[in-house]
Amino acid sequence: MSNYHIKSLEEYFKIYRKSIREPELFWEEVAEEHFAWRKRWNKVLEWDFSKPEIKWFEGAKLNITENCIDRHLLGKGEKTAILFEPNDPKEEAQHITYNSLHKRVNQFANVLKENGVKKGDRVCIYLPMIPELAISILACARIGAIHSVVFAGFSATALATRINDCDCKMVITSDGSYRGAKTIDLKGIVDEALKECEGVETVLVAKRINSSINMKEGRDKWLQPLLDKASTACEPEIMDAEDPLFILYTSGSTGKPKGMVHSTAGYMVYTAYTFKNVFQYRDGDIYWCTADIGWITGHSYIVYGPLANGATTVMFEGVPNYPDFSRFWEIVEKHKVTQFYTAPTAIRSLAKESLSYLEKHDLSSLKVLGSVGEPINEEAWHWYNDNVGKNQSPIVDTWWQTETGGIMISPIPYVTPTIPTFATMPMPGVQPALMNENGEELQGNLVEGRLCIKFPWPGIARTIWGNHQRYKETYFSAYDNKYFTGDGARRDAVGYYRITGRVDDVIIVSGHNLGTAPIEDAINEHPAVAESAIVGCPHDIKGNALYGFVTLKETGESRMQVNLRKEINQIITEHIGPIAKLDTIQFTPGLPKTRSGKIMRRILRKIACGDTSNLGDISTLQDPEVVQQIIEGRAALE
Ligand code: WTA
């Protein structure tokens, strides 16, 4: 029996028990058997959640790109590593072999070096889903620079905040991007952002849409000519196990985005291990994750996890509805995709279209279907299972977070019996705990509480960039000696987990985490706005829709509410990005507040979602009458 590849339920239980009883021995065996190390570790694990401090494989030396590329060259050099499928189906797909990936990453790494990037420097990557995105990530890792990928749907302000937070000295971008029938002027957004970023010395620009753009003398350089001149050989920088590999920003319920810092060795071992098991990847499989690499799902399960296993990973530039709603299925058929990993919001948007989009394609290559990003509702689960999987491909409902680095709770296909909407059982090495309101751990089955993890796993983020105190407060202060996830969960009669959703002020819209506070801060910048509160309401496709309650300043100036609504969404688009636009804006004379001035979101959420039957005790509010006014205002909107 190998620890690395779980093949039966009996093995799962055995391996899981071992991983809990002897976690260090367990992870040591995995690390020893399946990775290339320049030097072995002195100690497998050192941890103290009260500080918090977590170190895996301390003393070990390695380079993650040797593990993701070099060591596959001998046996799999001509195998496709990255299969790039462009936005336009008429443009040819690119098969980038491991040999070619090796050369291209080395060339890119040399360009980074020639442009002054050194080990430990931060590089911001703001690119669409084109091969340069994966290659630039790996090039940073090759030379020990810390990459900070910013999703190319974020606005200039959001980009600037992220560049400045971790002092990036370089930005890698493209002239523009394709998104279905649209093009987006990425370089224009970068130019706008860089007005606020003094530390950026160089901007490397990939050519994708051949638009005419502004190139700032001395700062901006076209990428391709530099690559063409660069050597295809680049010795990997030898890194310490705990050296940071990357920073990835995630929204919190308050304050600015948190730059989660992931380490090198632990992250590599954990993403590779979970990829192998959750997708039961076997040689020859064509694995496709539809996420954008700008999110953690893309980092861990398009780039690092698959490549560490020598897999073929599909990278898709486009969107599910271009040229029409059959695009995903056309790609599955064309490349004979075996594992397909997507988000519930995508499933729901495809499920509302005619089945004919799907039926005209041969999906028989599929063996495993995955879901990630938010709870998958029962209807979407069945549609996915019946129509895409034809009842033959198990669905892995994978629960995890940017902070966890890799999948934490998930079925293992063909091993764990699945139940719709249940993420089922923890991965080896993961020790979940459900907590009640008094901070006690709930024992036994048939309980519901807040989900914590009580022992470290190798993929856990080690800190928040520049703010360790916030890391401690956010994740390790709610419960003693436990990592708090921010999610609620239920354990059923057999011990399966079902994630019930966020218990904080983070709202997941189309699979994107949005903190309410940053959106409210943006709205409050509008000169006519006094105050605002955002809540989430269930939405058929997006999972949640954003509903904003806004109070206006009494300026005497009368403005058209229609215009105001547009302006408010415009401000949100500028500060965060179009993903955070509000679906509904209700102007209200006041907001319900406690005597201490705290906005009662619970009440607002119920009103927004049209459920006013039981608002609870409102008599303790500063101004109970405002509740009735808000209810009437909501009715008037319809
Ligand atoms: C939610 C995405 C239910 C959850 C990898 C978590 C899920 C947040 C699931 C993290 C799932 C993710 N079932 N909820 N299978 N997967 N979530 O950081 O609330 O973008 O805390 O990482 O998404 O989102 P993030």
Side-chain angles (χ1 to χ4, degrees), residues 149-151 153-154 246-253 257-262 267 270-271 274-275 278 289-305 341-348 369-378 380-381 384 395-411 416 418-427 430 432 448 450-453 459-461 464 474-475 478 483-490 496-516 536 542-544 579-580:
V149 180
V150 177
F151 170 61
F154 275 117
F246 67 85
I247 301 169
L248 186 62
Y249 286 86
T250 183
S251 327
S253 45
K258 299 171 284 192
M260 305 312 307
V261 180
H262 280 284
Y267 176 82
Y270 196 69
T271 52
T274 47
F275 173 77
V278 172
C289 165
T290 70
D292 192 290
I293 292 177
W295 310 112
I296 191 70
T297 305
H299 280 60
S300 303
Y301 300 110
I302 296 179
V303 182
Y304 288 114
Y341 190 28
T342 195
T345 184
I347 299 167
R348 288 190 298 262
L369 303 178
S371 170
V372 60
E374 60 183 306
I376 178 167
N377 51 308
E378 197 141 356
W381 195 98
Y384 200 25
I395 296 178
V396 290
D397 178 359
T398 63
W399 173 83
W400 58 297
Q401 311 178 293
T402 304
E403 295 86 338
T404 68
I407 295 165
M408 299 290 280
I409 303 181
S410 169
T416 319
T418 59
I419 305 181
T421 77
F422 280 79
T424 75
M425 295 198 281
M427 287 285 110
V430 173
E448 179 166 346
R450 301 190 162 201
L451 178 60
C452 287
I453 314 288
I460 185 174
I464 292 176
T474 312
Y475 304 106
Y483 165 83
F484 174 47
T485 64
D487 282 320
R490 223 169 76 195
Y496 272 17
Y497 288 86
R498 178 188 183 158
I499 311 300
T500 50
R502 301 291 310 182
V503 294
D504 56 10
D505 287 329
V506 170
I507 304 174
I508 305 186
V509 180
S510 300
H512 304 318
N513 294 3
L514 298 170
T516 51
K542 298 198 268 191
N544 286 295
I579 49 177

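Whatever order the structure lists them in is the order used to number ligands and atoms, beginning at 1. Starting from 1, each residue takes its place in the sequence as its number.
Between Arg502 and Ile508, the closest side-chain pair of non-hydrogen atoms falls below 4.5 Å. Ile464 places a side-chain heavy atom less than 4.5 Å from the side chain of Tyr475. The shortest side-chain heavy-atom distance between Cys289 and Thr297 falls under the 4.5 Å cut-off.
Across every non-hydrogen atom of Ala461 and Met260, the tightest pair is CB-CE, 3.8 Å. Between Tyr267 and His299 the shortest heavy-atom distance is OH-C, 3.4 Å. The shortest non-hydrogen separation linking Thr418 to Trp381 is OG1-CZ2, 3.8 Å. The two atoms that bring Pro411 and Ile395 nearest to each other are CG-O, 3.9 Å, heavy atoms only. Residues Lys542 and Thr345 approach most closely at CA-OG1, 3.7 Å, considering heavy atoms.
Polar contact with ligand 1: absent for Ile508 (N/O pair, distance under 3.5 Å). Residue Thr297 places no N or O, backbone or side chain, under 3.5 Å from any N or O of ligand 1. By the 3.5 Å distance cut-off applied to N or O atoms, Asp397 is counted among the residues near ligand 1. The N/O atoms of Thr250, backbone and side chain alike, include none that comes under 3.5 Å of an N/O atom in ligand 1.
With hydrogens and angles ignored, the 3.5 Å screen pairs a side-chain donor or acceptor of Thr485 with a backbone N or O of Leu451.
Residue contacts with ligand 1 leave out Gly486, since none of its heavy atoms falls under 4.0 Å from the ligand. Ligand 1 lies within reach of Trp400, whose nearest heavy atom is under 4.0 Å from it.
The backbone of Thr398, and not its side chain, has at least one atom closer than 4.0 Å to an atom of ligand 1 (non-hydrogen atoms only; backbone = N, CA, C, O). By the criterion of a heavy-atom distance under 4.0 Å, both the backbone and the side chain of Thr402 are placed next to ligand 1. Under 4.0 Å from ligand 1, the heavy atoms of Glu374 that appear belong solely to its backbone. Under 4.0 angstrom from ligand 1, the non-hydrogen atoms of Ile296 all belong to its side chain.
The contact set between ligand 1 and Pro375, taken as ligand atoms under 4.0 Å from a residue heavy atom, comprises 3 (C), 13 (N), 14 (N). For ligand 1, the atoms closer than 4.0 angstrom to any heavy atom of Val372 are 5 (C). Near Asn513, with a cut-off below 4.0 Å to any heavy atom, the atoms of ligand 1 are 10 (C), 18 (O), 20 (O), 24 (O), 25 (P).
Atom 4 (C) of ligand 1 has as its closest protein heavy atom Asp487 OD2, 3.1 Å. Annotation: atom 16 (N) of ligand 1 to nearest protein heavy atom, Gly373 N, 3.1 Å.
At a cut-off of 3.5 Å, with distance as the only test, no side-chain donor of Tyr301 or Thr398 sits close to an acceptor on the other residue.
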